[in-house]
Amino acid sequence: MESSKVRTRFAPSPTGYLHVGGARTALFNWLYAKHNDGEFILRIEDTDHERNTDASCEEILNGLKWLNLDWDEGPGKEGGNGPFYQSQRQRIYEEYLKKLEKSDLVYEDNGTIRFKVPSSDIEFHDEICGLQTINLSTTGNRAWDKEKGIEIETNPDFIIRRPDGTFLFHFVNVIDDIEMNISHVLRGEDHLSNTPKHVALFNALKCPAPIFAHIPLILNEDGSKMSKRDAGAGIDWYKNEGFLAEAVTNYIALLGWSPKDDREKLTTDEIIELFDFDHLNKSNSRFDLDKCKWLNGQYVSNLTEEEYLEKALPFSSNASEKVISLTQPRVQHLSEIEEILEPILNDNHPTDHDASLRISTDPETGVRIKELNNVLESLDPWTAENIKNAVKDYADSKQIKIGALMFPLRVCSTGVGQGTDLMPTLETIGRVATIARIKERLDKIYTNI
């Protein structure tokens, strides 16, 4: 193993979509490699023939590409350490099995091959969880029998090859890490219990084990485990909802890592510069989709108008670029565009009940909006600037602040209490439609004006 070169890896099983937890594991390994001028390796653990699918593999690869997590070696970037699909590495595994057989460290058991666990303690240091010591020969000889509801005696020697000749996760995982010169393994805390078995295999093969860092789990805000059905659980969901990859990467990085200075919005380069074990958290992370949406909104607001339109157009089928541009300050993710545009484009958009109720209790407001509408009816040319000046002049004539007119004017013209910048919105709606909308809503909200 080339100890001077940092080499990390992400090794997903293609049995489902790219989960946010898996994406975080990939991201952390990618960041650590980049921080140390190292290399990031992608390999596919596809030995579970019954559950693996080509579609899942393709989705995982596409998800990593969308997150801009480029790998130095892996599918499409074959190198001397390949192939990078475990299903294509059977010959390599057979060679390592022979090494264990020569050392009398394995034996056959009803068609399976078991590895003889050592009788001495297994000890390793984890960069997050600290010193770990376990004796597999004693702790691995009991298991819970679900049918009997009791603990039973079991064989602590674990199986590394099935009767059909295929190898199990523990064995192939270790062999691939050896063959690919993996120096650091960052993975979920749920793998911590597997690590003593892996270290035992490294020791048996007289190969140094990588440095391990087991990352605490990602939980929902209520402390429950994330489900596949939860919004935001799969990376594909973010793509479909119109999130920006940079924002999602930023948010996922914050699930278990911190810059230690209360910043939340960081560029990928800034995260790479700061990323090390000292910045990793030791407690479980809480997934907050609202915070992710907020952070994405920060990224959206920083786009140029040209950049925004390029990304936004696929999410709006019936609006012009001018109208779509109005939505940028309001959007948290691009799939919201149609909803935001609805009150602008639809003359028959229903009036929000709460917004209507808020202004209906003040008849004087209705009188003012009616008078203002009469002013606007003769306004020419119908531009945002002229509309604003007309509203301001009317407010001045009544010795009131222009802000007192903005909310009721918005409700009567769009039917909602908040939305896109009002004056450009009215310009977009057009003079005839704006006047007609205000008249119609005034009649419904106020009965005696």
Side-chain angles (χ1 to χ4, degrees), residues 17-28 30-31 59-60 62-70 218-221 226-259 261-275 281 285-317 319 321 323-342 344 416 418-421:
Y17 61 84
L18 180 59
H19 188 273
V20 68
R24 183 187 66 166
T25 298
L27 174 61
F28 280 16
W30 183 86
L31 289 168
E59 187 172 336
I60 289 170
N62 289 338
L64 294 173
K65 290 174 183 176
W66 183 75
L67 290 169
N68 298 311
L69 302 184
D70 54 311
I218 300 173
L219 303 176
N220 288 317
E221 285 193 276
M226 290 192 72
S227 164
K228 292 182 177 181
R229 296 181 296 274
D230 292 333
I235 295 304
D236 225 31
W237 183 87
Y238 297 93
K239 295 164 59 177
N240 295 335
E241 290 295 316
F243 283 73
L244 306 186
E246 300 84 355
V248 176
T249 299
N250 186 166
Y251 180 70
I252 292 176
L254 297 174
L255 296 173
W257 173 88
S258 169
D261 58 9
D262 295 328
R263 279 185 297 167
E264 293 183 314
K265 186 174 183 295
L266 300 98
T267 66
T268 302
D269 287 341
E270 288 173 327
I271 298 173
I272 289 172
E273 182 180 353
L274 293 170
F275 194 89
N281 300 331
S285 303
R286 296 299 176 102
F287 181 80
D288 184 346
L289 185 56
D290 287 338
K291 182 176 179 180
C292 183
K293 290 178 179 179
W294 169 84
L295 185 60
N296 192 71
Q298 302 300 301
Y299 276 81
V300 169
S301 65
N302 287 339
L303 295 173
T304 66
E305 183 176 356
E306 183 179 1
E307 291 170 335
Y308 179 71
L309 287 173
E310 180 183 355
K311 296 179 183 298
L313 281 171
F315 290 86
S316 179
S317 55
E321 291 186 0
V323 177
I324 293 174
S325 295
L326 295 175
T327 65
Q328 185 173 0
R330 300 286 307 174
V331 163
Q332 287 191 318
H333 50 97
L334 302 177
S335 63
E336 296 178 318
I337 289 176
E338 291 281 3
E339 181 181 350
I340 293 172
L341 289 179
E342 170 67 13
I344 301 174
V416 294
Q418 57 183 0
T420 53
D421 191 4

**Request:** Specify whether Y251 and F287 have parallel, tilted or perpendicular ring planes, treating 30° as the upper limit for parallel and 60° as the lower limit for perpendicular.
**Result:** perpendicular

**Item:** For T327, the option from D421, L341, I344, V300 that meets side-chain contact (heavy atoms from CB on, under 4.5 Å)
**Value:** L341

**Asked** Step by step, would you call Y238 with L67 a side chain to side chain contact (heavy atoms under 4.5 Å, CB included)?
**Response** CA-CA 10 Å; Y238 297 93; L67 290 169; over 6 Å; no

**Request:** Kindly indicate whether the side chain of I271, heavy atoms from C-beta on, has any atom under 4.5 Å from the side chain of P259.
**Result:** no

**Request:** Going by the side-chain contact (heavy atoms from CB on, under 4.5 Å) test, name the single residue among L18, N62, L64 that passes it with I235.
**Result:** L18

**Prompt:** Can you tell me how far the CD atom of E270 sits from the CD atom of E273, to the nearest 0.5 Å?
**Reply:** 8.0 Å

**Item:** Y17 side chain near D236 side chain, heavy-atom distance below 4.5 Å
**Value:** no

**Request:** Would you indicate whether the side-chain heavy atoms of R330 and Q418 approach each other to under 4.5 Å?
**Result:** yes

**Complete:** Rounded to the nearest 0.5 angstrom, the NE2-CG distance for H333 and N240 is 12.0 Å

**Item:** Heavy-atom pair of closest approach, residues L255 and F28
**Value:** O-CZ, 3.7 Å

**Asked** How many angstroms lie between CD in E342 and CD1 in I337, if you round to the nearest 0.5 Å?
**Response** 14.0 Å

**Request:** Identify the two heavy atoms, one from G256 and one from S285, that lie closest to each other, and give their separation to 0.1 Å.
**Result:** N-OG, 3.0 Å

**Request:** Rounded to the nearest 0.5 Å, what's the gap from CG on L266 to OG on S258? Could you check?
**Result:** 9.0 Å

**Item:** Side chain to side chain, W66 and V248, heavy atoms closer than 4.5 Å
**Value:** yes

**Asked** What pair of heavy atoms forms the shortest contact from G242 to N296, and how long is it?
**Response** O-ND2, 4.0 Å

**Message:** Considering only residues two or more places apart or on different chains, which pairs with a residue in residues 295-309 satisfy salt bridge (charged side-chain N to carboxylate O under 4.0 Å, His left out)?
**Reply:** none

**Request:** Would you tell me whether N250 and Y299 have side-chain atoms, one donor and one acceptor, within less than 3.5 Å of each other?
**Result:** yes

**Request:** Find out whether Q298 and E264 are in side-chain contact, i.e. whether some heavy atom of one side chain is under 4.5 Å from a heavy atom of the other.
**Result:** no

**Prompt:** Mind checking whether L334 and Y308 have side chains closer than 4.5 Å, heavy atoms only?
**Reply:** yes

**Request:** Would you check if L244 and N302 make a side-chain contact, meaning some heavy-atom pair closer than 4.5 Å?
**Result:** no

**Request:** Could you tell me which non-hydrogen atom of E321 sits nearest to which non-hydrogen atom of L309, and how far apart they are?
**Result:** O-CD2, 3.5 Å

**Message:** Using the rule given for side chain to side chain contact (heavy atoms under 4.5 Å, CB included), can you reason through R286 versus L219, listing the C-alpha separation, both sets of side-chain angles and the distance that settles it, and then say yes or no?
**Reply:** CA-CA 5 Å; R286 296 299 176 102; L219 303 176; 4.2 Å; yes

**Prompt:** Minimum heavy-atom separation for V20 to I218, with atom names?
**Reply:** O-CD1, 4.4 Å

**Request:** Would you give the length of the straight line joining atom CD1 of I340 to atom CD of Q332, rounded to the nearest 0.5 angstrom?
**Result:** 9.0 Å

**Asked** Do you know the tightest heavy-atom contact between K293 and F243?
**Response** CG-CZ, 3.8 Å

**Request:** Give the ring-plane orientation class for F275 versus W257, where under 30° counts as parallel, over 60° as perpendicular and anything between as tilted.
**Result:** parallel

**Prompt:** About how many Å separate NE2 of H19 and CD1 of I60, when rounded to the nearest 0.5 Å?
**Reply:** 12.0 Å

**Prompt:** So W237 and L289, side chain to side chain contact (heavy atoms under 4.5 Å, CB included) or not? Walk me through it.
**Reply:** CA-CA 12 Å; W237 183 87; L289 185 56; 3.9 Å; yes

